Each structure stands twice: as structure tokens, then as C-alpha cells.
Student: 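First the structure, which I've put down as C-alpha cells, then a few questions once you've had a look.
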Amino acid sequence: MVHPDLRVKIGPMELKNPVLTASGTFGYGKEFSSLIDLDLLGGIVVKGISLKPREGNPPPRIVETPCGMLNAIGLANVGLESFLNEKLPWLQGLNTAVIVNIYGHTVEEYGAVAAGLSGVKGISAIEVNISCPNVEQGGMAFGTDPDMSAKVTECVIKEADKPVIVKLSPNVTDIGKIAVAVESAGADALSLTNTLTGMAIDIEKRVPKLANISGGLSGPAIRPVALFMVHQVVKSVKIPVIGIGGIVDYRDALEFLIAGARAIQIGTANFVNPKASLDIIEGLRMFCQENRIGRIEDVIGTLKI
Amino acid sequence: MVHPDLRVKIGPMELKNPVLTASGTFGYGKEFSSLIDLDLLGGIVVKGISLKPREGNPPPRIVETPCGMLNAIGLANVGLESFLNEKLPWLQGLNTAVIVNIYGHTVEEYGAVAAGLSGVKGISAIEVNISCPNVEQGGMAFGTDPDMSAKVTECVIKEADKPVIVKLSPNVTDIGKIAVAVESAGADALSLTNTLTGMAIDIEKRVPKLANISGGLSGPAIRPVALFMVHQVVKSVKIPVIGIGGIVDYRDALEFLIAGARAIQIGTANFVNPKASLDIIEGLRMFCQENRIGRIEDVIGTLKI
Amino acid sequence: MIEQDSEIVFNKRVAADTFFLGLRSPRIVAEAKPGQFVMLRVGRGMDPLLRRPFSICGVRDDDLVLILYRVVGRGTTIMCDVRGGESLSVLGPLGSGFEMPHKGEKPILVAGGMGIAPLIFLASTIEPGSFRFLAGFGSGEEIVATDEVGLSGIDLSISTDDGSAGHRGLVTELLENRLAGFNGNINPVVFACGPLEMLKGVAAMTANKDVQCQVSLEASMACGLGACQGCAIRRSSEQAIAYYHVCQDGPVFDVNALDWERL
Amino acid sequence: MIEQDSEIVFNKRVAADTFFLGLRSPRIVAEAKPGQFVMLRVGRGMDPLLRRPFSICGVRDDDLVLILYRVVGRGTTIMCDVRGGESLSVLGPLGSGFEMPHKGEKPILVAGGMGIAPLIFLASTIEPGSFRFLAGFGSGEEIVATDEVGLSGIDLSISTDDGSAGHRGLVTELLENRLAGFNGNINPVVFACGPLEMLKGVAAMTANKDVQCQVSLEASMACGLGACQGCAIRRSSEQAIAYYHVCQDGPVFDVNALDWERL
Ligand SMILES: Cc1cc2nc3c(=O)[nH]c(=O)nc-3n(C[C@H](O)[C@H](O)[C@H](O)COP(=O)(O)OP(=O)(O)OC[C@H]3O[C@@H](n4cnc5c(N)ncnc54)[C@H](O)[C@@H]3O)c2cc1C
Ligand SMILES: Cc1cc2nc3c(=O)[nH]c(=O)nc-3n(C[C@H](O)[C@H](O)[C@H](O)COP(=O)(O)OP(=O)(O)OC[C@H]3O[C@@H](n4cnc5c(N)ncnc54)[C@H](O)[C@@H]3O)c2cc1C
Ligand SMILES: Cc1cc2nc3c(=O)[nH]c(=O)nc-3n(C[C@H](O)[C@H](O)[C@H](O)COP(=O)(O)O)c2cc1C
Ligand SMILES: Cc1cc2nc3c(=O)[nH]c(=O)nc-3n(C[C@H](O)[C@H](O)[C@H](O)COP(=O)(O)O)c2cc1C
Ligand code: FES
Ligand code: FES
């Protein structure tokens, strides 16, 4: 009882604890390395990587909202090549799972990034962000259509030699449908949710507060929505689900685990409290101790309905 | 300049100002009458009325969330007959627009409520809540499907002798599509959004905090999402749009008006500050005065992109 | 009923995690009846969002509304940091209040924890010595039975869960003893407020018996005005409509009006 | 760089809407360089959510981090209510800081409003009398040029928009006069911080000219660590990559590194 077992399995991948940092909120890991011991984390999901480097959207890119924030970073990233050469070697030196978040603007681009990560050591899994605009189909996100979601998934799986996690968008009528389509396409796991689309207006200048007009809403504000979607998806699929959305403390994390998420990701909370992920791991440990729970696995999916 | 003109037209209906109170958050008006002068409001949207009285869901029905709340009232209401006999006469004595929010569990039920309101004096418009579960089609809300949304709209219009406002659900992939379908079906105006579906879990008892499992998220947390949807819908349709979602002060209200909403509704804010709607009207007046705007109409839709 | 920013005259600790708040609001004082409550807006921001309900624990000097509260979560943690001179938005008085005891009745006030708050107000309006006041607490350090909160000259029977003061055990045990002592001549009438489990115990001793009993209940609330229908509570099964609304139909109910099995 | 709860030693009003905050953090003091900043978490709740960035205005006694701030919105309104003895979570020091002036250069510090904060720190680290300090304010009551904030013994040239103190007009006019006075022998080097419009004025006088100039800029920030890419700012168009990140590449930039047309 003194040391509860926090390990969880996400399909073929084992994590030392269920707490990951979410893509885009933790840079390439190094940015937080002088503040916290990264080796204590369940894993790090790096900023979304595309085939070519991307500069991202013009500023302003972020705006605070009630208990949340909107971002329109525009998937700025160093690109696959620089990632492999400049960022990954440092990450490989860590003793934690490294998950590479990827995206593309065409199905083929997704496949190409996955291919580029094939054979590379020190990567525990690929997380596929399907919330990006599908340029071939007029900009509506891949992740809002079950068929396109499945296509992207298949294409990545074909090229990847690592477990494939598909990250779902919450901006859909029926997330269960998308989840099932992605599961059928062979994904090893699902993570959800990405940000809700939102907007804010500067009433003095009468312009959108974000140069990009709209952005993605994250933070505690969206937690109830994300939790409900996790609850729905867990009921719809058999593959493991990773919960994301507005988690700031261990109690929030427990809500997702109890709902059936096998791991969780911490996003916006990293900005508010750079130690949030470690505080959550510690909180889960204490919760298990106080409630005489030997393994965190025994908490997962214990929601009574 | 001393007295800016706050009047707005919503299709055939003229309001003394663009501030309405949202359905379900203001009872039948009377509940707030000892706190504020209701005659100052642009209008009151009463609690959703169904053909027969409904008791609503078992408690707990509400739970607070970060900058928001979840409710699962279950559309408890006195029913059409009691509304007409017991609630409406009092409302008719007011000098403000009274809008009756209605819903049904079948298309026919919607029509029947609209028919029951036909020929009744003192009702400025009907607002149709299409976010309720469609019992004939397995419980998915009418408002998540363009065809069903259109059907409900047509059926209500056939029976109604008053302007018909259709209130859209935000829990959809493409709200623009639903808006267009409802416009084509002949709606006079649209209001949006209703609540986002969400959930919260009691980690000690491992049960949902709401007896109904999920509920509708409202309050400032959802404002960016609602605003973006208003922005999208305003671009997609020609009929007037009423903005709803997380508005707590006149600055929030202005974001929606600038985005193109011709009026706004105040929901959860009524609980936090029972004077919220009047404070907003006063704030809009001051804003117009300070910026030498003669008519609030001149603010509507002035977003520069 | 009004809503206004009210000056905090004092906000002081009176027992473990327990604070006593004095708010200046002559208009609420003028209207307030025992059993009614107010809703306070804690903090100026939007988080926590909703007002918090608190029973009126008493009034003083024609202008002070008194509140006794325990720090249990985010809202009350913010509240206990507020100092005299600052102000809070108060909405009230809300709810129906107790039906006052009649001649020839022997009131027994039964409080569990912070449930003592509305009963202190009630006690202050009925003749001293004419009633019994039973109050249960978790432990001795939680006892608020002091002059400060308006309990001077009142003879309290106290119980604590841990036996650190008064009777060791539940306040319902005190009530049981008390009720057993009554003969047919005097009608005991019970006024109870406290945690649900305690109230269930009180109901078991009084519901559908010859003992009249009014209980003050809690529920999650959004509006406090009867507008949102959030605070529903099951009526006793004989009644046609399934739910009361605690904020408007209550918070005080006749014990026989509720469905205790399903509360 | 660290993140820790730090004790507030003082938090006092020093001019209209302007406060001076002393936070105990020996570890930040040990690392801090002029031009760097910290991010403070205001309030304990989740609203406002994000930390607020503030320049380090100085250090004192090996353990005090000094911050000068103006109340402009929700976060700073909460901050100005915090009292000595309470604590705030501080993250820092962040960013790159100024490149210190070299021998033979004549530093000119140009501040607009709260832009004075990092320049006060800079001034405290260079030889008294060896530099010029020009400071613009909205009006006389906003002037913070007092001993209290560490400006004793420094000869400030002041301008105010409304002429209520010093030169009536913009601080950039003071700079223009000053630059006009230089001959070829001495290299003026400008350090500027203030509102964007003011910095544009400074850039117009210095960019692609013989005058070296470092400007300290602001941007909306989420992380302050270079992780979120939220604080992007346009590089000058000659450069291959379009954006700097203010929190990491700045907040201090060489005037020639930025695309002033599109800022
Ligand atoms: C009519 C009425 C009168 C009340 N009178 C008093 C009083 O005189 N003194 C007093 O101390 N308290 C009273 N309460 C309870 C008080 O409202 C809650 O303790 C308070 O709202 C908790 O706020 P919080 O933000 O600190 O807790 P939160 O952070 O909201 O919650 C912390 C914990 O308290 C529980 N809780 C929250 N709200 C309630 C509630 N309404 N009822 C029961 N448990 C709750 C939560 O489930 C959670 O476990 C009354 C409640 C009602 C409905
Ligand atoms: C590197 C850096 C150093 C800074 N140093 C100082 C300092 O030493 N002293 C000081 O008083 N301020 C400084 N600022 C600005 C300070 O961060 C903002 O004034 C503060 O965040 C406003 O918070 P608020 O919640 O009160 O305002 P909000 O409610 O968030 O906003 C109120 C108004 O202020 C504007 N605003 C908000 N954030 C910023 C920002 N980052 N930059 C410019 N305008 C903003 C908003 O657009 C809005 O109009 C600095 C900013 C940066 C980026
Ligand atoms: C600034 C920022 C950048 C993000 N970038 C990415 C990204 O590159 N790829 C991705 O899949 N998700 C990205 N996200 C989404 C987060 O990973 C996460 O899904 C979302 O923020 C919800 O979690 P939270 O509420 O804990 O932040 C980003 C989020 C933020 C706030
Ligand atoms: C307690 C509660 C009850 C509601 N009941 C109804 C209803 O009966 N019919 C309806 O169309 N909308 C109902 N709504 C939705 C509101 O009218 C509004 O669309 C939503 O709350 C978003 O606005 P807000 O963020 O300002 O609250 C209800 C909302 C709440 C909080
Ligand atoms: S709290 Fe709204 S009806 Fe009771
Ligand atoms: S604020 Fe996050 S990168 Fe600069």
C-alpha cells in the first residue's frame, strides 16, 4: 500500500503513470526541463510536427477567455527534419515516453510524416492530430468526417512502425461515430479532445482578437464537454482512450480515469502551473494511498451509472 | 446623442432594446419581478413549454463547473394549458415582448404547442427549442440533423400565427448547415446557442454529479464557442440572428452584436446577478453615448475582417 | 426581496473552520423570518460562478444580517478571507421560513453542525425557556454555542460525534430521549436542520407520527428564486406533483411532505 | 529559472493606478538581469487563468524582486488588493534581457509609461551619470520617478502628454532632441520600452541608422517559456524565419531585427 502502482498500459505501450503532457502546450519538452524533472512524467506529447517547417499564424495568436484561452498558433513547428535532428536527440535522453504528435494537410502528408518517423528510436507512439483543415476538401477538418478520419488513420498505420493514437476533435455532432470509424481503421488508441472552436472580438477596434479570426478553446472551461465525450467514446470502442481537456488537478484527472480514460494529458494547465503534471501524479498517488487502492488501473472505468 | 435609440427589429418583431432573458433562466418572468423592472427589458423568453406538464429529471439537476454550470432540469414546466391560464395573464400585463419557448418530443408535439398558442394575444414570438431528444429517432436531438430541424420548423410555422424563432444547438459539426436548412424551412429568425453537452463526476462516490448523467453547459465558459457559431451563422443566412451564450456584461453583449446578432439573450448571468440584463441595457446605452452612436442598429454586424 | 452590495461589518472565526459574518442590510433585516436564507456572491470574478446559499442566523440592531458558515470548499474559502469594510452582493431574504410554534406546543430545536444557523434565528424569536435546543457537532472545537452568535441565556444540550463535549453520539439520540419523555398533554413540535443523514433520523422519529416536525433542507441551487428549477426535491409519494423546489417551496418543509426514501 | 510561491513584502501605491511590489525570492534575484521578466499568477482561482508578465524593475537586498505595475484590467485589479504577508506564485526570470552598454557608448534610456520598469533596473546597473534617462507619462500624477522605486540620484528628463509636468508632448521628442546633439565622437545607444506607438517612433529614429537601439516589447503570452508559440512577433523581412517569440527571443530586441511596418 505504501507505493501504489501507477503504471498503465495503452495498447502496446506501457507508461510509468497515466499523466502525459499535451501537444502544443509543452513545446519539445526541453522548455520545461529547468522547472520540473521530466523523467517523472508518464510521457511527453511533443508539439505537432508537419512534413515541412511551418511558421504559423500572424499574431495575436492567443487570448484569454473565462477559465480558458483561445489559441490560433497555426501549428507552427520546426518540421520533421529539424525535429529528428535537433529536438529528438535531447528527448531520447529522457527516461519517459515520447509521443510524437503529427499532422498534414492532405492524407498523403500524414503518411509521409509517419514514414519519416519509422525506424526512429526513442519514440513510444505517434499521435495523429486530425483536427487540421483538410485543404483538399475545402478546409473542413479531417476529424469532422468519419470516412476522412478513417482514411488518415489507415494511411498513417500503413507507414508507421509504432503504436498509433488518433486524437479526435470535439467539434462534431457524434464523436462516437468518428471514434468507431477510427477504431475500425486500426488505430491502437484514441485521445480526446482537441480544442473547441471559438472566437473573441475586440469591441473597441471591432476586429477579432485573434488574427486568424477563430481559435481553439482550451482550459478548465471545456472540461465538462471533454469529459462527456470521453464517456461517450469509452462506451463506443474497445481500444484505450486518453482523456484531455481542462485538467488542472488530480481531482480533474480522476474524473477522466473514472469515466474510463486509461491516461490523461495536461495542456493549458502547464501554463498556469508548470508543475501541474507532477502535482497531478503526486495527487493520484495520495488518492490511491488514502483509499487503499493498490493500482491506478483499478480506478479506471469505475463509474457507476 | 443624449438618448441613443436602442430599438432593434427581429424580422417582423420590434424590440425596445436588444436584450432578452433566455429561456429556462428567468422562469415565467414573475420570479424576478420584485428585483427588477421587467418593463425595461427588450423581452422575456419564458421557460420551455410542452404540450403536457413535465416534472423534469430527478435531482441533482445542477452542478457548477469552471466559469459555467451544467443543468439537467429535464425541461420541467407547467404545460401549455397551465401556462396559458396561470402564467400568461400576468405576463400580458407587462410592457415588454413575451416570447414563448416551446418543445416537443415528436414533430407533431411541436406543432400542437404552436397551435395552442395561435390566436393568443400578448405573445410576440415563438422560440422553438430543437435541442430536445427526438424520441421517434432514438433520442438524438432534432437540432443535430438538418432535415429534422427543417421538419420541426415547417410544422411549427404551419400552426403558428406569430413570428417563429428557431433556437439552434451548438452540439453539431456544422451549425451553418442547420441554420440554412431552418431558414429554407421558413423560420423568421434564429437564436443560438443552446447549451453544450457536458458532464461532471463525483470522484468520491464515482457517480455522475447529475442524476441525468449529462447536462447542458452554460455560462461564460461557453461564450467563445457561442460567439464563433453566431459569426458562422450570420455569414450563412439572411434572417436575423439572436446571440446567446455566456453573456454577463455589456461588453460581452457587444461582441455578439458586432458579430452580427440583432439581439442577445441573457441566461446564466441572471443567477449570478439578477440585474444583469438591465446592467447590460444601461451599458449599451452608455457605450453608444460615449462613442456617439445614435442607434444600436449601427453597431450590429460591424465586425471588420 | 432585494439584491444589493452590502457592507461587511465583521467576519470572524468563532469555531474550527467556522465563521460568523455580519452584513449591513436594513432592508433584508426588515423582511427576514427564521428559516429564510440569502444567496451571497463570493468573489468578483466569474469563478466560482454561482451564488452560495446561507441561512439567516439572526438579525441585530435593525440593520445587521448575521450568517454562520463553515469553510467547506472554494466559495467559503474565498468568503473567510473577506474583511470588514469590504462588501458582498446579497440576495434575499429567500424561501418560506419556519411556521412559528403555536400556544401549547413545546418546541424542540434540533441542529446538526451548521444546521444550527437557522435555529439560532428561530430561538431568538420565541420565548426563552419555552423550548429545548439540541445541537450536535463533530467535535468540541466545532461548537459555536457562544454569546457571540446570539446563544446567550439559552440552555443547549450538546452532543459530539467524538464525545469531546456533551453527549457522545448523535444529536438524534438526544432527540429520541427527549421525545420519549413527553406525555399526551404537551405537543412537542420539532424544528430540525442539519446533514441529510441526521434529518433522515429525525424523520424516522416524527414522520407519520403524532409529532409535528419541520425540517430545513439543502439542495444545489442556481437562482434561489424559483426560476431555474435546479433545486428539486422529491415530494412524498402521495402527492400529484413529484418535486418541490427547495428555494421557493422550502427550505423548510413539513416532515410529511417529503419522500424520505428517495431523498 | 524557477517557479515558486513568493512572499509579498510590500505592495504599495506609488502613483495614479501604479503599484510597486516587492516579492521575496533570493533565487530569482541571483539570476535576474535587466530586461528580463517574471510571470505572476494572480488570484488562486482559474479565472483569470493565465499568468501575467511583468518586467523586473529591480532587485534589493539579495532577496527582493521589485515590480512596478499599472492597474489596467482584471488581473492587475486583483493584484493591487494583495497585501504584504500573502504570497504569489512567480515564474522567472524569463527572457533574454538587455545587452549591456559597452565602453565608449552613451546610453539613452527612453521610457513610456510602465515601460520605465525594466529601464529602472538597467539604470541601477550602469554607472550613475554615464547615461541619460528620458521618461514619458500621461500626466504628472502618473510619474513614478521617486526614491521609492530606486530612482534616487538619477537625473530624469520628463515629458507628459498633457504638459502637467516636464516637457509637454511625447518622450520621443525628447529623444529626437537628444540624438540631434550627438556628434560623431560618441556613440549613442538607445534602450527603449513603452507602448508600441512610442517604440515605432523610436524605431523611426534609429532603425537602419547609425544609432544602436534595443527595444523591449510586449505580446500576449501564455507560457513565457518558449513552449506555446503564442507570443509571435514579426522579424524584419530580410530574415528567413518570419517570427520571433517575445518570451524567449526577447522581450528585448535589436531595433533592426523587427518588421516595424507590420508590428
Ligand atoms: C438553503 C441553504 C442554507 C444553507 N445554510 C448554510 C449555513 O447557514 N451555513 C453554512 O455553513 N452552510 C449553509 N449551506 C450550505 C452552503 O451553501 C454550502 O456549504 C456552500 O455553498 C459551499 O460552498 P463552497 O464553494 O465553499 O463549496 P463547494 O466548493 O461548492 O463544495 C464543497 C463541498 O461542499 C458541498 N456542497 C456545496 N454546496 C452545497 C450545498 N448547497 N449543500 C450541501 N453541500 C454542499 C459540495 O458537494 C462539496 O462536497 C446552506 C445551503 C442551503 C441550500
Ligand atoms: C514582457 C512583458 C513585460 C511587462 N512588464 C510590465 C511591467 O513592468 N509593468 C506593467 O504594468 N505591465 C507590464 N506588462 C504588461 C502587463 O503584462 C499587462 O498590463 C497585464 O498583463 C494586464 O493584465 P490585466 O489582467 O490587468 O489586464 P487584462 O484584463 O488582461 O487586459 C486589460 C487591458 O490590458 C491589455 N493588455 C493585457 N495584457 C497585455 C500585455 N501583455 N501587453 C499589453 N497590453 C496588455 C488588454 O488588451 C486590455 O486592453 C508587461 C508585458 C510583457 C509582455
Ligand atoms: C497553445 C496550444 C497549442 C496546441 N497545439 C496543438 C498541436 O500542435 N497539436 C495538437 O494535437 N493539439 C494541440 N493543442 C491542443 C492540446 O493538446 C489539447 O488537446 C487542448 O489544449 C485541450 O487540453 P487542455 O484544456 O488541457 O489544454 C494545443 C493547445 C494549445 C493551448
Ligand atoms: C437552468 C437552465 C434551464 C434552461 N432551460 C431551457 C429551456 O427550457 N429551453 C431552452 O431553449 N433553453 C434552455 N436553457 C438554455 C438557455 O436558454 C441558454 O440557451 C443557455 O443557458 C446559454 O446561455 P447562457 O450561457 O447565457 O446561460 C436553459 C439553461 C439553463 C442554465
Ligand atoms: S434554485 Fe433555482 S429554482 Fe430553486
Ligand atoms: S508565451 Fe509561450 S512561447 Fe512565448
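By convention in this document, chain letters (A, B, ...) are assigned in the order of the sequence lines, proteins followed by strands, and residues within each chain are numbered from 1. Just so it is clear, the model here is predicted, and its values are computed rather than measured.
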Student: Could you tell me which portion of A:Ala259 (side chain, backbone, both or neither) has an atom closer than 4.5 angstrom to a non-hydrogen atom of chain B?
Tutor: both
Student: Side chain, backbone, both or neither: which part of B:Ile203 has a heavy atom under 4.5 Å from chain A?
Tutor: both
Student: With chain B as the partner, which of A:Arg223, A:Met229, A:Lys304 has the greatest number of non-hydrogen pairs under 4.5 Å?
Tutor: A:Lys304
Student: If you count heavy-atom pairs within less than 4.5 Å of chain A, which of B:Ile222, B:Thr173, B:Thr302 leads?
Tutor: B:Thr173
Student: Angle class for the A:Tyr250/A:Phe287 ring planes (parallel below 30°, perpendicular above 60°, tilted otherwise)?
Tutor: tilted
Student: When you look at B:Ser169 and B:Asn194, which way does the side chain to side chain donor-acceptor pair (under 3.5 Å) test go after all the steps?
Tutor: CA-CA 5 Å; B:Ser169 162; B:Asn194 214 310; over 6 Å; no
Student: Among A:Thr197, A:Ile213, A:Leu257, which residue has the highest count of heavy-atom pairs closer than 4.5 Å to chain B?
Tutor: A:Thr197
Student: Check this for me, if you would: do B:Arg7 and B:Glu297 make a salt bridge, where the nitrogen-to-carboxylate-oxygen distance has to be below 4.0 angstrom?
Tutor: no
Student: Could you tell me which portion of B:Leu254 (side chain, backbone, both or neither) has an atom closer than 4.5 angstrom to a non-hydrogen atom of chain A?
Tutor: both
Student: Any chance you could lay out the ring pair (Phe, Tyr, Trp, His ring centres under 6.0 Å) test for A:Tyr103 and A:Phe142, step after step, and finish with the verdict?
Tutor: CA-CA 10 Å; A:Tyr103 73 94; A:Phe142 286 102; over 10 Å; no
Student: Under 4.5 Å heavy-atom distance to chain A, tell me which part of B:Val63 shows up: side chain, backbone, both or neither.
Tutor: neither
Student: To the nearest 0.5 Å, tell me how far B:Glu64 CD sits from B:Lys209 NZ.
Tutor: 9.5 Å
Student: Does any backbone or side-chain atom of A:Glu204 lie under 4.5 Å from a heavy atom of chain B? Answer side chain, backbone, both or neither.
Tutor: side chain
Student: Will you find, in the side chains of B:Thr268 and B:Ser218, an N or O donor that is under 3.5 Å from an N or O acceptor?
Tutor: yes
Student: Would you say B:Asn171's side chain and B:Thr195's backbone share a donor-acceptor pair under 3.5 angstrom?
Tutor: yes
Student: Is A:Ile201 close to A:Val207 at the side-chain level, that is, under 4.5 Å between some pair of heavy atoms?
Tutor: no
Student: Taking every heavy-atom pair that is under 4.5 Å apart, which of B:Gly198, B:Gly68, B:Pro224, B:Ala226 has the most such pairs with chain A?
Tutor: B:Pro224
Student: If I measure from the heavy atoms of chain A, does B:Thr65 come under 4.5 Å with its side chain, its backbone, both, or neither?
Tutor: side chain
Student: At a heavy-atom separation under 4.5 Å, does A:Leu303 approach chain B through its side chain, its backbone, both, or neither?
Tutor: both
Student: Can you say whether A:Leu70 sits under 4.5 Å from chain B via the side chain, the backbone, both, or neither, judging by heavy atoms?
Tutor: side chain
